[in-house]
Amino acid sequence: MEGVAHGRLAGMTATSSATGRAADGTERLPPIRPAYDAHTWKEILYLLLNLPVTVFGFVYAITALAVGGALSITVIGLPLLALGLLGARQLGKLERARARRLLGVRVEEPTPMPLARSGGPTQRLWMALKDPVGWRTLLYDAIRLPWGVLTFCTVLTSLFVLWPVLPYLARGLANVDRLMVRGLLSPSDELERRIAELESDRGVVVDTAAADLRRIERDLHDGAQARLVNLAMGLGLAKEKLLEDPDSAAAMVEEAHGEVKLALQELRDLARGIHPAVLTDRGLDAALSSVATRCTVPVKVAVDLPDRPAPAIEGIAYFTVSELLQNISKHSGARSASVDVWRTQDRLLIQVRDDGRGGARLEGGTGMRGLAERLGAVDGLFVLDSPAGGPTVITAELPWRDRTE
């Protein structure tokens with residue numbers, strides 16, 4: 001009975017090992033052994049198939065590169081190269097499927113190219129030409145021909161000469177193939193994440209620019225344009241009464257003079273909203289101090305920057321602080337506020353603090369959420385800390401880029 005129990009225990013252990021799972025449930029490769037089991041035969045089949053697969057892949061890669069490169073000076077060269085890269089994506093898909101089926105390599109598929117929503121033919125062509133997945137697959141196919149010949153000849157010879165050690169040899173050669181598949185045919189998680197972020201950020205930038213243009217158009221139409229129309233009408237009436245009723249004409253001219261002043265002030269305010277002159281001429285310190293004077297709450301401004309950042313970063317920082325101070329004036333109920341701006345390595349940091357009632361939330365309205373999206377579109381961060389009862393501390397972070405004159 002003891003021998004039977006020992007035999008059953010050994011059989012259970014062998015069955016557990018064949019499943020390819022460790023004690024904690026994670027997948028792992030089965031142990032190599034002189035006996036030929038299903039896993040070993042799959043590895044041998046994969047290595048024998050390497051020769052025809054690598055020959056086809058090598059011919060395809062060299063043909064696509066040679067034809068596309070040689071004809072790149074003509075109209076059809078770049079489209080042919082783009083088609084070659086798209087075809088290489090399909091070859092990579094077949095190779096990943098072969099590795100999954102025979103080697104047990106779990107390789108995720110890369111994100112499909114969004115050609116259908118990429119604009120015109122030129123934009124689609126450019127997207128295909130700069131596809132990193134296609135180029136890595138062409139590299140994979142171009143360099144594997146010697147390896148395919150080596151593995152095919154080694155395994156085929158070992159089947160007749162070195163068959164007792166072939167399982168060990170097949171495992172070693174298959175592990176090299178596993179490394180190649182993971183290294184060249186696996187999608188880059190960081191790259192995929194970055195591409196998704198950039199696609200999202202591009203949409204935010206486009207929507208923000210369109211909203212700004214609509215706001216400027218609305219302000220011009222409802223403000224300065226309307227005043228200028230009234231001014232033209234008033235001057236026309238004054239011109240008609242100039243000889244008949246000089247006193248009334250003089251009064252109309254005086255009224256028109258006031259309208260001109262108001263129109264100029266509205267145009268200045270609109271220009272300040274687009275890009276204030278003080279920011280261009282004197283930088284963030286003076287521009288933020290000017291914004292602080294228009295806030296209904298006393299604001300202390302401290303800007304500690306050794307140099308001025310790039311104009312785009314400077315403008316984003318200015319409008320971020322400007323909108324936050326407007327929110328403090330309208331909603332915070334604060335008695336004092338502060339703005340601190342400084343540089344840490346390659347980041348520009350902004351912190352706006354007030355002692356108001358708190359309770360601000362990103363999802364509470366479009367203002368805070370819009371700021372967070374704008375900062376995110378340029379690799380920035382927006383952190384809001386506003387407990388009920390206050391204080392509210394908002395930290396914004398932007399990438400630092402040096403100013404080039």
Side-chain angles (χ1 to χ4, degrees), residues 20 27-30 37-69 78-118 124-156 159 169-193 195-196:
E27 291 188 2
R28 61 177 177 82
L29 294 174
D37 58 4
H39 296 283
T40 302
W41 282 115
K42 286 182 179 181
E43 291 174 342
I44 292 173
L45 177 60
Y46 185 92
L47 296 170
L48 291 175
L49 288 175
N50 268 352
L51 181 61
V53 170
T54 55
V55 168
F56 179 81
F58 179 81
V59 172
Y60 179 88
I62 297 302
T63 302
L65 292 173
V67 174
L78 293 180
L80 285 177
L81 183 58
L83 288 176
L85 290 169
L86 293 176
R89 266 184 167 254
Q90 301 306 313
L91 291 181
K93 184 177 181 180
L94 293 176
E95 275 293 273
R96 284 186 289 271
R98 186 168 74 103
R100 278 194 298 269
R101 185 67 179 270
L102 299 179
L103 298 183
V105 178
R106 305 302 177 192
V107 179
E108 297 296 331
E109 294 293 330
T111 303
M113 295 182 63
L115 295 177
R117 59 177 189 272
S118 298
R124 294 192 188 100
L125 174 64
W126 177 243
M127 178 176 291
L129 288 175
K130 65 179 183 179
D131 177 28
V133 176
W135 284 108
R136 286 205 309 269
T137 307
L138 282 184
L139 175 63
Y140 176 86
D141 291 332
I143 65 175
R144 275 179 54 85
L145 180 59
W147 176 252
V149 174
L150 175 64
T151 55
F152 176 84
C153 295
T154 301
V155 172
L156 186 62
L159 279 173
L169 187 60
R171 174 58 55 84
L173 296 174
N175 282 340
V176 176
D177 272 301
R178 290 183 177 98
L179 291 176
M180 289 186 183
V181 171
R182 290 193 179 102
L184 291 176
L185 298 183
S186 294
S188 171
D189 294 337
E190 182 65 22
L191 179 62
E192 293 286 311
R193 182 190 64 81
I195 289 174

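Everything numeric in this text was worked out from a predicted model, so none of it was measured. Residue numbers run from 1 in the order of the sequence given.
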Fill in: Non-hydrogen atoms of Gly84 and Ala64 that approach each other most closely
CA-CB, 4.2 Å
Practice prompt. Before giving the answer on side chain to side chain contact (heavy atoms under 4.5 Å, CB included), spell out for Val105 and Arg182 the whole-Å C-alpha distance, their side-chain angles and the decisive distance to 0.1 Å.
Written response: CA-CA 8 Å; Val105 178; Arg182 290 193 179 102; 4.0 Å; yes
Worksheet item: Residues two or more places apart in sequence or in another chain: which of them pass salt bridge (charged side-chain N to carboxylate O under 4.0 Å, His left out) with Asp141?
Response: none
Worksheet item: Does Arg144 make a cation-pi contact with Phe58, if we ask for NZ or CZ under 6.0 Å from the ring centre and within 45° of the axis?
Response: no
Worksheet entry | Nearest heavy atoms of Ala170 and Ile44, plus distance in Å | CB-CG1, 4.0 Å
Fill in: Shortest non-hydrogen contact between Leu125 and Ala82, atoms and distance
CD1-CB, 3.5 Å
Item to complete: Give the C-alpha distance, both sets of side-chain angles, the deciding distance and a yes or no for side chain to side chain contact (heavy atoms under 4.5 Å, CB included) between Tyr60 and Leu138.
Response: CA-CA 8 Å; Tyr60 179 88; Leu138 282 184; 4.2 Å; yes
Discussion item. Quick check: do Tyr140 and Val181 have side-chain heavy atoms less than 4.5 Å from each other?
Written reply: yes
Discussion item. Return the CG to CG distance between Leu139 and Leu185, rounded to the nearest 0.5 Å.
Written reply: 10.0 Å
Worksheet item: Looking at residues at least two apart in the chain, or sitting in another chain, which of them share a side chain to side chain contact (heavy atoms under 4.5 Å, CB included) with Leu179?
Response: none
Practice prompt. Measure the shortest side-chain to side-chain distance between Asn50 and Val149 over non-hydrogen atoms and say whether it is less than 4.5 angstrom.
Written response: no
Worksheet item: Going through the distances and angles, do Glu109 and Arg100 end up as a salt bridge (Lys or Arg N to Asp or Glu O under 4.0 Å)?
Response: CA-CA 11 Å; Glu109 294 293 330; Arg100 278 194 298 269; 3.3 Å; yes
Fill in: Side-chain (Trp147) to main-chain (Val176) donor-acceptor, under 3.5 angstrom
no
Discussion item. Return the CG to OG1 distance between Leu48 and Thr151, rounded to the nearest 0.5 Å.
Written reply: 8.0 Å
Worksheet item: Residues two or more places apart in sequence or in another chain: which of them pass salt bridge (charged side-chain N to carboxylate O under 4.0 Å, His left out) with Arg101?
Response: none
Worksheet item: Do Trp41 and Leu45 have side chains that get closer than 4.5 Å, going by heavy atoms?
Response: no
Practice prompt. Answer yes or no: is there a side-chain heavy-atom contact under 4.5 Å between Thr137 and Arg89?
Written response: no
Response to the item:
Here the pair of heavy atoms bringing Ser186 nearest to Arg136 is O-NH2, 3.1 Å
Worksheet item: Taking the side chain as C-beta and beyond, is there a heavy-atom pair between Asp177 and Leu103 under 4.5 Å?
Response: yes
